[in-house]
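In what follows, a structure is listed as C-alpha cells, so that the remarks can point back to it.
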Amino acid sequence: MTSVPTFGSDVFGGNEGDFEGDEFTEVFIPEGSEWRFEVPFKLTLKLIVVEGVGEIFGTELPNNVQLQLSGVKYAIYSPLEAGCKVKYSTVPNNNFAASTSDDSEVSEYISEETPMNQYLNLHLFLEQKRQKISEFNMGNISEQKKGPKVLIIGSPFSGKTSLSKILCSYAYKMNSSPVLVNLNPRDGVFSIPGSLTATPISDSFDLESTNGYGGSLTSGTTTHNPKQPLVMNFGLLKPEDNLELYKYQISRLGIAVMSRLEEDVLLKSSGLIIDTPPLSIKDVTIIENIISDFEIDTIAVIGNERLLIDLKKKFKHKINSSSLDIVKVAKSGGVVELDEKYIRDIQQESIREYFHGNFRNTLSPFKTDIDIKDYKFFSCFEASELNSNLAFLPSGDSFTPEESEASEKEKKDRFDLDKYYRLLEEPNASNLENCILAITQLPSRNNSPKDLLNACVLGYAHASKVEDTKQKIKVLVPFPGAFPRNHLIVTAIRYTE
Ligand SMILES: Nc1ncnc2c1ncn2[C@@H]1O[C@H](COP(=O)(O)OP(=O)(O)OP(=O)(O)O)[C@@H](O)[C@H]1O
C-alpha cells in the first residue's frame with residue numbers, strides 16, 4: 001500500500017489502512033454534503049476514507065490511510081460528484097489523562113446544508129488577489145505588495161476557527177503560504193493556551209493532534225512539517241482579563257508579523273488569515289487596533305447581520321477609499337457550542353501534548369529543580385484584581401507598591417508595568433504550584449521592569465512541585481539543557497499531570 005507520509009500508514013507500523021477484523025461502520029457522503037461527528041475524549045475513532053475525496057476543514061484526507069481521532073467535533077465534506085465513502089470503528093482511548101467522568105458516545109449525522117461553497121468562493125476571491133500580487137511582486141523587486149490580510153470576526157461559536165483552517169488549507173493546496181494569526185488566547189495554536197501566535201502555513205494541518213493544528217519545533221521531528229510560530233505571551237484566557245496587555249501584545253505581534261512578511265516574498269504575497277475571539281461592535285477599539293496593526297484589507301463577518309452593518313458604518317471611509325472589503329459569510333449549521341468542561345479538557349490536552357507529545361510522536365520532557373531565590377516571578381495582572389484592589393485604596397492613592405529605595409525612574413517603570421505584570425513578592429507553593437511559567441529571554445539580573453513587557457518568550461515550563469521548606473521548584477520543560485536564569489512570568493494557566 002502506498003500512503004501519504006503525513007497520516008497514519010506504514011511508517012508508524014500496525015496502522016495499515018484497515019481494521020484487521022474490528023467491527024466497523026460504513027458511511028457514504030453524497031456530493032456537497034458533510035458527515036458531522038463528535039468523538040468524546042474517552043474514545044478513539046479510527047477512520048478510513050475508502051473511496052472518493054473527503055476533507056476536514058479544508059484538509060484533504062488520503063485514501064486507505066487510518067486516522068485516529070479523539071475529543072474532536074469534525075465534519076468530513078464531500079466536494080466531488082462521486083461522493084465519499086468512509087468506514088470507522090471506535091476503541092477506548094487509553095491516552096486520555098484528563099477527567100474520565102465523560103460518559104458520552106460518538107454522535108454523527110449527515111447534513112446536506114453546508115456553507116462550504118461560500119467558503120470556497122471566499123477562498124477563490126482571496127486566491128485571485130494572491131495570484132495578481134504574486135505576479136506583480138515577481139516583476140517589481142523594489143516595491144513589493146502584500147497579499148490579502150483577512151480578519152475573521154463573528155459571535156461566539158460561529159465557526160471562526162473552522163473558517164480560518166479552511167482558508168489556510170485551501171491556500172496551502174494552491175501553493176500559497178499564508179500566516180495564520182491566532183488572537184484567541186483560549187486556544188493554543190502551535191503553542192499552549194494563553195499565547196497569541198502567528199504561524200506560516202507550509203503544510204497540511206495535523207488533524208489527529210489536539211486542536212487539529214499540529215506540533216511546533218518543540219515537538220522535535222514530526223511527520224508534519226514542524227511549524228515555527230511567533231509567540232507573544234498573554235498568559236490569561238480572555239482578552240477582557242487584561243485588555244491593556246491584550247492590546248499591547250497584539251500590536252507587538254503585528255509588528256513582528258509585518259516584518260516577517262518583509263523577509264519572505266511567498267509569505268508576503270500570501271498574506272494573513274486572522275482568527276479572533278468572539279467580538280461584537282462593543283469591541284470596536286480592539287477591532288480598530290487589529291485593523292491598523294495588521295493592515296487588514298478584508299473582513300469576513302460570519303453569520304451576524306447586525307455586526308456586518310455596524311462595521312460597514314464604522315469603516316465607511318475605508319470602504320469608500322477601497323482600502324477595506326467587508327464580506328458576510330454564512331454560519332455553518334454544524335458548528336457546536338462548546339461547554340466549559342470540553343474547553344478545559346482541550347486546553348489540558350494541548351498542554352500535555354506540548355510537553356509529552358501524542359500517540360504518534362511521544363516526547364521526553366525534561367524535569368529539573370530550580371532555586372526560587374535565583375529568579376524573579378511576575379504574574380499576569382488580571383483586571384478583576386484591579387477592581388478589588390481599588391476598592392481598598394483611599395481615594396487619590398496609587399496602587400504602585402511602596403519601595404523607598406527605588407529611583408523615580410524605576411518607580412515610573414514599575415507603575416507602567418503594574419498594568420500588565422506584577423512582581424510576586426513571595427513566590428511559594430500557593431501561587432506557583434501547577435502554574436505554566438513563560439520563560440522570557442530577559443536575564444534575571446535585568447532590573448528594568450519595562451524590558452519585561454517587550455521580552456520574547458523562549459518557551460513554557462510547568463511548575464509541577466514547589467517545596468517551600470527547601471525553596472525549590474520542580475519544573476518540567478519540553479527540551480533538555482540548563483534552565484535559563486531569566487525572568488519568569490506566571491501565567492493564569494494551570495495544568496495537573
Ligand atoms: N461543520 C461542522 N461540523 C461539525 N462540527 C463543526 C463544524 N464547524 C465547526 N465545528 C466544531 O464546532 C466547534 C466550534 O467551532 P469553531 O471553533 O470554529 O467556532 P468559533 O466561532 O471559532 O468558536 P469561538 O467563538 O469559541 O472562538 C469546534 O469544535 C468545531 O470543530
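In each ligand, atom 1 is the first atom listed, and ligand 1 is the first ligand listed. When reading the values below, keep in mind they use all heavy atoms of this one structure, side chains included, and skip hydrogens, waters and symmetry mates.
- Residue G334 places at least one N or O, backbone or side chain, under 3.5 Å from an N or O of ligand 1.
- Put simply, part of R186 is less than 4.0 Å from ligand 1, judged by heavy atoms.
- Side chain of S209 to backbone of D206: a donor-acceptor contact under 3.5 angstrom is found.
- Nearest heavy-atom pair, V49 versus P62, reported as atom, atom and distance to 0.1 Å: CB-O, 4.0 Å.
- With a 6.0 Å cutoff to the six-membered ring centre and a 45° limit on the axis angle, K73 counts as a cation-pi contact of Y342.
- Among protein heavy atoms, atom 30 (C) of ligand 1 sits closest to K73 O, 3.6 Å.
- By the 6.0 Å and 45° rule, R36 does not stack over the aromatic ring of Y109.
- No heavy atom of Y77 sits closer than 4.0 Å to any atom of ligand 1.
- Close approach to Y74 involves these atoms of ligand 1, each under 4.0 Å from a residue heavy atom: 4 (C).
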- request: Tell me, with the steps shown, if Q347 and R344 meet side chain to side chain donor-acceptor pair (under 3.5 Å).
  value: CA-CA 5 Å; Q347 287 169 341; R344 252 196 334 273; over 6 Å; no

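- Looking at F57 against ligand 1, only its side chain comes within 4.0 Å, counting heavy atoms.
- In terms of N/O distances under 3.5 Å, ligand 1 is approached by T161.
- For ligand 1, the atoms closer than 4.0 angstrom to any heavy atom of S332 are 1 (N).
- Cation-pi geometry between K149 and F294 is not satisfied (NZ or CZ under 6.0 Å from the ring centre, within 45° of the ring normal).
- For the ring-ring contact (aromatic ring centres under 6.0 Å, His included) with Y74, the lone residue among Y88, F205, F57 that qualifies is F57.
- Judged by the 6.0 Å and 45° rule, K165 forms a cation-pi pair with Y213.
- Using a 4.0 Å cut-off between a side-chain N of Lys or Arg and a carboxylate O of Asp or Glu, E127 and K132 do not qualify as a salt bridge.
- Near P278, meaning under 4.0 Å from one of its heavy atoms, ligand 1 places the atoms 25 (O).
- Of the N or O atoms in V336, one or more lie within a sub-3.5 Å distance of an N or O in ligand 1.
- Residue contacts with ligand 1: P156 is placed with no nitrogen or oxygen under 3.5 Å of a nitrogen or oxygen of the ligand (distance criterion only).
- Within ligand 1, the atoms closer than 4.0 Å to a non-hydrogen atom of L338 are 13 (C), 29 (O), numbered from 1 in the order shown.
- Of all protein heavy atoms, the one closest to atom 25 (O) of ligand 1 is K160 NZ, 2.7 Å.
- The atoms of ligand 1 that sit less than 4.0 Å from any heavy atom of S162 are 8 (N), 9 (C), 15 (O), 16 (P), 18 (O), 30 (C).
- Near N184, meaning under 4.0 Å from one of its heavy atoms, ligand 1 places the atoms 27 (O).
- At least one heavy atom of G159 sits under 4.0 Å from some atom of ligand 1.
- Across all non-hydrogen atoms, the minimal contact from I29 to S78 is O-OG, 3.2 Å.
- The option with the heavy atom closest to atom 10 (N) of ligand 1, from among N182, D187, V335, is V335.
- Using 4.0 Å as the threshold, P277 has no heavy atom nearer than that to any atom of ligand 1.
- In this structure, I274 and I152 have side chains that are not in contact, with every pair of non-hydrogen atoms separated by 4.5 Å or more.
- Of the candidates T496, T210, I436, I436 is the only one forming a side-chain contact (heavy atoms from CB on, under 4.5 Å) with I351.
- Close approach to E34 involves these atoms of ligand 1, each under 4.0 Å from a residue heavy atom: 1 (N), 2 (C).
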